[in-house]
Asks: 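Handing you this structure, nothing more for now.
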Amino acid sequence: MQSTRRSHVAFLLAVSLGCGLAVAQAPTTVPATTQPTTDAADPTAAAQAAAVAAFVPEGPTMTVDDLSAVFHLSAQNGFLSLSTDLEPTDGSVFVKVDGLVPGGDVNVSAADEGGGSPRLRLLRFTTPPDSFPNPISKTTIAAISNRIDFSQDSEFGGWVRSVHFIQQIPFDADDIDDPPVKLYVNLSSTVSDAAPVKLQLTAGSFVELQQRHAEEVSLYLVPMFALLQQEKLFAPDPTIARQALLGEATADPDLARQVNELIQRLGADAPAARSEAYAALEQLGEPAANIAATVDRTNLSAEQNSLLDTLLAARLGALPQDAQQLARQPIFLLNCLLLDDAKLRTAAFDRLKTLTALPLEFDPQANAATRRAQALKVRTQVHGWATTRPAGVAR
């Protein structure tokens, strides 16, 4: 299984050759017989490059600086939300954007509910466009009603890979038959007897999926979000990153005192008192959650820890951990490369180099497109290293 896993890590960026992102070299630990080829001499890669050069889009075209002008993904109350400012389209519109070759198609439709304010009915974006011939990889994100589908199907270097993320929020919160969030992954080789990868992961929310399956999310979802220029969704809260990487606490002293008092009241004997303290923490919002995420939990009860976990999962999208422990976790450090703050990106990259002793390359001062490609390559290398990492090194 480890050999298959290492091969899969190497494969993660190979399919990006036809999708506009830089291709990472496979980790040196991957056996040559199972390592997917990614250089220009590969006939599939050459054919794909020729197809990109010859491609002429059909129908109407729009040019944007980045895909956030087409759609935007955000996390709200623990779930993904997809929105757009585009007007409804008459069929597909080709989207030309830097960093995504050969572009994509967008479809937007709305339901007229009267009163002059149509409601978004469907948004679909796919890359490469549907008219692109024989792509080695196809990525689609679609939102309709209460459901978001995000899928990628790829075939390259003797590997067939399918990743499918589904989020379907029930209209009635009390009517939940199935977990609302699912992640399906299938990987198989057409040229070797390597054991296939087959995952069926579920969670109560998008945030919970990240908490329970951090490694799988990092391996399978983050590269897909990066392809669609939406990877900042996985960046940690800057306040927590600053505390973990630089040891800097910037909390307001009065607010810190208030938060600590409320945390103590989370351990009250009376359930009503605990509920009141929890509600007060919620009302204080994200600044209070940032402080709560860095408190010393050594002497807190199980009840206090449980309530804090629930609060911070909803507010920050990540469970709180000791700052020093976070700074040793590869996935946390990888996600810090997605932050807007160059100082934090530099600190995270320096720690990754020290932790892994790999020949990593990442320029914290580079433009967003360059950083995206480099960070994706670093992610692949670090995950390859993690399959054989020394004992005692956190995931």
Asks: More than 12 heavy atoms of other residues, nucleotides or ligands under 6.0 Å from CG of D363: is that the case?
Replies: yes
Asks: Got a second to check how far T89's OG1 is from R124's CZ, nearest 0.5 Å?
Replies: 11.0 Å
Asks: Say whether, by atom type as modelled, one donor and one acceptor occur between the side chain of T84 and the main chain of V70 under 3.5 angstrom.
Replies: yes
Asks: Between F79 and F234, is there a shared hydrophobic cluster once you connect ILVMFWY residues whose side-chain heavy atoms come closer than 4.5 Å?
Replies: yes
Asks: State, with a plain yes or no, whether a side-chain heavy atom of L86 is found less than 4.5 Å away from one of M62.
Replies: yes
Asks: Check whether any side-chain N or O of S162 sits under 3.5 Å from a backbone N or O of D153 as a donor-acceptor pair, and report yes or no.
Replies: no
Asks: Rounded to the nearest 0.5 Å, how far does CZ of F132 lie from CD of Q48?
Replies: 4.5 Å
Asks: Is there a side chain to side chain contact (heavy atoms under 4.5 Å, CB included) between F150 and V163? Walk through the geometry before answering.
Replies: CA-CA 8 Å; F150 194 3; V163 179; over 6 Å; no
Asks: Got R297 and L308 here, is their nearest side-chain heavy-atom distance under 4.5 Å?
Replies: yes
Asks: Should the heavy atoms of other residues, nucleotides or ligands under 6.0 Å from CD of E58 be counted, would the total exceed 12?
Replies: no
Asks: Over all heavy atoms of both residues, which pair between A277 and R265 is shortest? Give the atoms and the distance, please.
Replies: CB-CB, 3.7 Å
Asks: Counting only heavy atoms from other residues, nucleotides and ligands, does the tally under 6.0 Å from CG of N367 exceed 12?
Replies: yes
Asks: Give the minimum heavy-atom separation between S92 and P60, together with the two atoms involved.
Replies: O-CG, 3.7 Å
Asks: Please find the pair of heavy atoms, one from V181 and one from S205, that lie closest to each other, and give the distance.
Replies: CG2-C, 3.5 Å
Asks: Which of parallel (below 30°), tilted (30 to 60°) and perpendicular (above 60°) describes F349 and F362?
Replies: tilted
Asks: Could you go step by step and tell me if N260 and R257 meet the side chain to side chain contact (heavy atoms under 4.5 Å, CB included) rule?
Replies: CA-CA 5 Å; N260 280 300; R257 267 193 303 274; 5.9 Å; no
Asks: If we ignore hydrogens and angles and just use 3.5 Å, is the side chain of Q230 paired with the main-chain N or O of L73 as donor and acceptor?
Replies: yes
Asks: Linking I/L/V/M/F/W/Y whenever their side-chain heavy atoms sit closer than 4.5 Å, directly or via other members, would I141 and Y184 fall into one cluster?
Replies: no
Asks: Keeping R345 on the side-chain end and P364 on the backbone end, is there a donor-acceptor pair under 3.5 Å?
Replies: yes
Asks: Would the number of heavy atoms belonging to other residues, nucleotides or ligands and lying under 6.0 Å from CG of D149 be above 12?
Replies: yes
Asks: Would you call L376 and R372 a side-chain contact if the rule is heavy atoms closer than 4.5 Å?
Replies: no
Asks: Under a 3.5 Å distance rule, please check whether T346 uses its side chain to pair with a backbone N or O of A342 as donor and acceptor.
Replies: yes
Asks: Is the backbone of L245 close enough, under 3.5 Å, to the side chain of R351 for a donor and an acceptor to pair up by distance?
Replies: yes
Asks: So L67 and F125, do their side chains get closer than 4.5 Å, heavy atoms only?
Replies: yes
Asks: Could you tell me which non-hydrogen atom of P102 sits nearest to which non-hydrogen atom of V52, and how far apart they are?
Replies: CB-CG1, 4.4 Å
Asks: As an exercise, state the distance from OG1 of T61 to CG of D105, rounded to the nearest 0.5 Å.
Replies: 9.0 Å
Asks: Out of curiosity, E361 CD to Q374 CD, how far, rounded to the nearest 0.5 Å?
Replies: 7.5 Å
Asks: As a quick check of understanding, evaluate side chain to side chain contact (heavy atoms under 4.5 Å, CB included) for L227 and L100, giving each step before the final call.
Replies: CA-CA 7 Å; L227 176 65; L100 187 68; 3.6 Å; yes
Asks: Q229 side chain to S68 main-chain N or O, any donor-acceptor pair under 3.5 Å?
Replies: no
Asks: Answer whether the closest heavy-atom distance between the side chains of Q329 and L334 falls below 4.5 Å.
Replies: no
Asks: Q258 versus I291: any side-chain heavy-atom pair under 4.5 Å?
Replies: no
Asks: Where do H213 and T202 come nearest, in terms of heavy atoms and distance?
Replies: NE2-O, 3.8 Å
Asks: Hey, does Q168 have a side-chain heavy atom less than 4.5 Å from the side chain of K182?
Replies: no
Asks: Working to the nearest 0.5 angstrom, can you tell me the gap between L183 CG and Q210 CD?
Replies: 11.5 Å
Asks: Donor-acceptor pair, S145 side chain versus R147 backbone, under 3.5 Å?
Replies: no
Asks: Can you hop from I166 to L233 via hydrophobic side chains spaced under 4.5 Å?
Replies: no
Asks: Can you tell me if R274 uses its side chain to pair, donor with acceptor, with the backbone of D269 under 3.5 Å?
Replies: yes
Asks: Tell me the closest heavy-atom pair linking P236 and C336, and the distance in Å.
Replies: CG-SG, 3.6 Å
Asks: Do NZ/NE/NH1/NH2 and the carboxylate oxygens of K138 and D130 come within less than 4.0 Å?
Replies: yes
Asks: Evaluate the criterion side chain to side chain contact (heavy atoms under 4.5 Å, CB included) for residue pair E216 and L201; output intermediate values, then yes/no.
Replies: CA-CA 9 Å; E216 289 81 3; L201 310 177; 3.7 Å; yes
Asks: Any donor-acceptor pair under 3.5 Å linking the side chain of R371 with the backbone of A366?
Replies: yes
Asks: Between I169 and F206, is there a shared hydrophobic cluster once you connect ILVMFWY residues whose side-chain heavy atoms come closer than 4.5 Å?
Replies: yes
Asks: If we only count heavy atoms from C-beta on, is the F55 to P128 side-chain gap below 4.5 Å?
Replies: no
Asks: What's the separation between atom CG in L281 and atom CD in E261, rounded to the nearest 0.5 Å?
Replies: 11.0 Å
Asks: Tell me whether the count of non-hydrogen atoms from other residues, nucleotides or ligands lying under 6.0 Å of CG in D254 goes above 12.
Replies: yes
